[in-house]
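This chain uses plain numbering: 1 for the first residue, then up along the sequence.
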Amino acid sequence: MKSVKAIKSPMRKQGGFTILELTTVIAIIAILSILSLFALPPFVISGKVGPASNELLRGMQKMRINAEGAGMTPYATANTSTFANLMRGGSVFTVTNVGAAATLNNSMRLLGTSVVTVAPGTMPAGVLGDSYVVTAANVSDAACPELAASAQRGAERITINGVQVKAPGGNYNGVAATAACTLLDTNTYTFQAM
């Protein structure tokens with residue numbers, strides 16, 4: 001009689017990942033996620049440059065329209081609340097309050113918002129007329145110097161951190177604008193319109 005041999009089944013090795021492998025992958029994904037959080041906000045701010053310059057130009061155009069027929073010094077009483085009320089409905093610049101209490105904020109910074117101010121400007125020597133100055137402080141370097149380049153057609157004089165990058169009657173100087181920019185939310189823009 002034939003002997004019955006015990007049939008041995010080959011042990012199958014189960015596929016899968018070990019706890020160590022899974023932990024390593026999760027750690028790598030977590031590190032990449034954290035790093036992307038630092039890269040995302042500047043990307044978002046640089047995406048706001050176009051809309052911000054359009055809103056700024058729209059507000060400046062409205063100031064000019066409102067000043068028509070007001071004589072040689074139509075901007076002598078220019079102020080933040082007047083400009084803020086003209087800027088309502090924007091996506092980058094937001095208006096809080098109404099009437100004389102209206103203020104204007106911009107979100108062109110990494111942390112929070114900053115106030116935009118408007119005041120009468122000083123005319124260059126030998127130039128007749130009037131002007132006003134829009135100042136946006138604490139603007140992120142992610143918007144610098146593109147915001148000035150995009151808004152140059154609406155302003156006669158532009159400075160970044162006190163450095164003039166466009167003179168009245170002159171051209172925009174991109175090299176000077178780039179050199180004037182500083183890191184993080186430390187840039188101050190002034191746009192003088194006449």
Side-chain angles (χ1 to χ4, degrees), residues 41 44-124 127-168 172 177 180-182 184-194:
V44 170
I45 288 176
S46 66
K48 292 180 181 181
V49 170
S53 64
N54 288 337
E55 288 179 30
L56 190 61
L57 292 171
R58 178 178 54 90
M60 291 175 159
Q61 184 64 31
K62 286 182 176 183
M63 282 287 279
R64 284 189 190 103
I65 290 169
N66 286 347
E68 286 183 18
M72 288 296 290
T73 57
Y75 305 119
T77 59
N79 59 49
T80 302
S81 62
T82 302
F83 193 74
N85 286 309
L86 295 173
M87 294 282 287
R88 288 193 185 280
S91 61
V92 178
F93 295 95
T94 55
V95 179
T96 55
N97 299 321
V98 293
T103 59
L104 186 63
N105 299 306
N106 81 74
S107 59
M108 301 289 291
R109 62 181 294 179
L110 295 175
L111 301 171
T113 59
S114 64
V115 176
V116 175
T117 59
V118 177
T122 303
M123 296 299 290
V127 178
L128 297 175
D130 198 10
S131 70
Y132 64 95
V133 176
V134 177
T135 303
N138 302 320
V139 176
S140 171
D141 62 325
C144 196
E146 290 81 9
L147 182 60
S150 299
Q152 67 174 305
R153 68 177 190 255
E156 288 296 316
R157 175 184 288 160
I158 301 173
T159 65
I160 301 173
N161 300 322
V163 176
Q164 183 170 276
V165 298
K166 181 181 179 189
Y172 171 75
C181 293
T182 56
L184 302 176
D185 297 338
T186 56
N187 296 286
T188 299
Y189 284 81
T190 60
F191 301 94
Q192 183 174 9
M194 299 175 197

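- Here CZ of Phe93 is found 10.5 Å from NZ of Lys48. Values are rounded to the nearest 0.5 Å.
- Annotation: the span from Ile160 atom CD1 to Thr188 atom OG1 amounts to 10.5 Å, rounded to 0.5 Å.
- Across all their heavy atoms, Ala102 and Val95 have their closest contact at CB-CG1, 4.2 Å.
- The backbone N or O of Ser91 lies less than 3.5 Å from a partner atom in the side chain of Glu55, making a donor-acceptor pair.
- A distance of 6.5 Å separates CG of Asp185 from CG of Asn138, quoted to the nearest 0.5 Å.
- Across all their heavy atoms, Leu86 and Gly59 have their closest contact at CD1-O, 4.4 Å.
- The distance from atom CE of Met60 to atom CD1 of Ile65, rounded to the nearest 0.5 Å, is 14.0 Å.
- Atoms CG and CZ, on Leu147 and Phe191 in that order, are 4.0 Å from each other to the nearest 0.5 Å.
- Contact record, Tyr189 with Cys144: OH-CA, 3.2 Å, taken as the closest heavy-atom pair.
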Asn187/Cys181 under side chain to side chain contact (heavy atoms under 4.5 Å, CB included): CA gap, chis, key distance, verdict: CA-CA 6 Å; Asn187 296 286; Cys181 293; 4.0 Å; yes

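- Between Ser131 and Gln192, the shortest heavy-atom distance links the atoms OG-NE2, 2.7 Å.
- When all heavy atoms are compared, the tightest approach of Asn79 to Ser81 is OD1-OG, 2.9 Å.
- For Ser107 (side chain) and Val92 (main-chain N/O), a donor-acceptor pair under 3.5 Å exists by modelled atom type.
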Just do the side chain to side chain contact (heavy atoms under 4.5 Å, CB included) check on Thr82 and Met63 with the steps written out, would you? CA-CA 9 Å; Thr82 302; Met63 282 287 279; 4.1 Å; yes

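- Between the OG1 atom of Thr94 and the CG atom of Leu104 there is a distance of 7.0 Å, given to the nearest 0.5 Å.
- Screening Thr190, Thr103, Thr135 against Thr117 for a side-chain contact (heavy atoms from CB on, under 4.5 Å) leaves a single residue, Thr135.
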Pair Phe83-Leu56, side chain to side chain contact (heavy atoms under 4.5 Å, CB included): steps then yes or no: CA-CA 10 Å; Phe83 193 74; Leu56 190 61; 4.2 Å; yes

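- The two residues Arg88 and Gly99 come nearest to each other via the heavy atoms NH2-N, 4.4 Å.
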